[in-house]
There are 2 protein chains.
Amino acid sequence: MNLAPNPAFRSDSAASLLRAEILSGATAPGALLAESAVAKRLGVSRVPVREALFALEREGLVEFSPTGRAIVKALTPQDFEELFVLRLALEPLASRLAAPALKVDISRFEKNLSATRRARSVQEVTRLDLEFHQLILEASGNVRLLKLWRSLRGELELWLGRLHRSHQLQTKETLNETVDAHQSIVEAFRSHLPQPANA
Amino acid sequence: MNLAPNPAFRSDSAASLLRAEILSGATAPGALLAESAVAKRLGVSRVPVREALFALEREGLVEFSPTGRAIVKALTPQDFEELFVLRLALEPLASRLAAPALKVDISRFEKNLSATRRARSVQEVTRLDLEFHQLILEASGNVRLLKLWRSLRGELELWLGRLHRSHQLQTKETLNETVDAHQSIVEAFRSHLPQPANA
DNA sequence: CGTATTGAAACGGTATACCGAATGAACCTC
DNA sequence: GAGGTTCATTCGGTATACCGTTTCAATACG
């Protein structure tokens, strides 16, 4: 029997830990992530830490100084503008691609939608919103498009987390707008689908 | 005095060499790029080779097997379709962003355009075409958009190179279509620009 | 003849060590 | 006291070594 092909690489573990720390705000924006220090703290050598930092850079959570130092990304309002423009281009594109070719269960969308209706915190809404759009991206069938979107998702989560911690997100509006928008997308998908034979 | 901040890292050199080999077709699609072998061939250790391979993966020239082996990407027609769809989404977006905010010299575009008119090989046309669009991406001011596009550029070059080597590109049509399209884009930019005060 | 087994070679993930460059603070100069 | 210099420390880039896993071909088995 084949074992799992990936018996928990240390670099993946390191990336997960650092990712959680950054998204939770435990490590401040602009903070230096020195390889040696992180390695000692996580109990591994510098090599897997190095790879974890590269991975986090691809996710947009970390950036490198010209001399190769890894620092926690500090987002500016202009960064948010850029991300918003790109979401507004990529996500509708994914919808157009997914609509005629949708092969996966529409039930996954409905499940997400009802979970969003039951959501009780703004973090939950934003998390489910991102998940909803990721479902669209996956259904688009364009793996490169999904990759591009993923490379933005980390930064979006980073930004939303910081906004939330500074109490600049309003729950009620976010929830209603999100549910309405998702509802209409699901309807559009349903109208393009062949009639389901049964439950 | 400050020296250049980057005195030619071995990992960059390794990436450049491997990139050239892959784009020229010297290393066949699907070929294994074993770290040890490449390291010995280039006269460096495995570490910089490793980083070079990661960089090439971001560029889409290399992909990793589930067990971590790096292989030269083998493109399918579906891959080309995906790339085409994304170009068709990203490049017009960049044009729309660049048109009102264009700050850089329009002369750079004109220089590229006239070089394209003088081009005498299909490789030259495709290279100048990619460069033209990269100028637009840079003028858009959206650095994330430029990054996304860059991550596709490598794969496009890979594909075009292979098409060319199998004689599936026609020079004449490509040239005329490219020049016409670029011409109209430059005109659009010009009409949105303030009148130049002088030369 | 096709299929399972096994064993050696190859490969990737990680640890450790070394080195030059970058950094920042104490020090000196004016 | 402000600005430049020096020097010890820190940090990243690279080389080398070790180990478990994967791979693949030779071999044994049906």
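So you know, we letter chains A, B, ... as the sequences are listed, proteins then strands, and number each from 1.
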Check nucleotides 6-8 of chain D against the protein and report each pair of N or O atoms closer than 3.5 Å, with its distance, or say if there are none.
none

Contact between [X] and [Y] at the side-chain level, heavy atoms closer than 4.5 Å - yes or no?
X        : Y        : answer
A/Arg165 : A/Arg162 : yes
B/Ser151 : A/Lys147 : no
B/Leu160 : B/Val122 : no

N/O contacts under 3.5 Å, protein versus nucleotides 10-12 of chain C?
from: C/dC11; atom 1: O4'; to: B/Arg69; atom 2: NH2; distance (Å): 3.4
from: C/dG12; atom 1: OP2; to: B/Glu35; atom 2: N; distance (Å): 3.0
from: C/dG12; atom 1: N7; to: B/Arg46; atom 2: NH2; distance (Å): 3.4

One thing to verify: whether [Y] and [X] come together as a salt bridge, which I'm taking to mean a side-chain N less than 4.0 angstrom from a carboxylate O.
X        : Y        : result
A/Arg50  : B/Glu51  : yes
A/Arg190 : A/Glu110 : yes
B/Arg19  : B/Glu157 : no

query: Hey, what's the ring geometry for A/His182 with A/Phe132, parallel, tilted or perpendicular (30° and 60° as the breaks)?
result: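 Geometry flag for A/Phe132 against A/His182: parallel rings.
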B/Trp159 and B/Phe80 aromatic ring geometry - parallel, tilted or perpendicular at 30°/60° bounds: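 Judged by the thresholds at 30° and 60°, the geometry between B/Phe80 and B/Trp159 is parallel.
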Rounded to the nearest Å, what distance is computed from the [atom1] atom of residue [X] to the [atom2] atom of nucleotide [N]?
X       : N      : atom1 : atom2 : result
A/Leu42 : C/dT14 : CG    : P     : 13 Å
B/Arg10 : C/dC19 : CZ    : C1'   : 11 Å
B/Phe64 : D/dT22 : CZ    : P     : 17 Å

message: Side chains of A/Asp79 and A/Thr76 only: does a donor on one sit below 3.5 Å from an acceptor on the other?
response: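 Distance-only check passes for A/Asp79 and A/Thr76.
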- prompt: Between the axis at one end of the helix from C/dC1-D/dG30 to C/dC30-D/dG1 and the axis at the other (five pairs apiece), what's the angle to 10 degrees?
  reply: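 Here the local axes at opposite ends form an angle of 10°.
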- request: Supply the atom-to-atom distance B/Leu23 CG to B/Leu18 CG, rounded to the nearest 0.5 angstrom.
  value: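 It is 11.0 Å, given to the nearest 0.5 Å.
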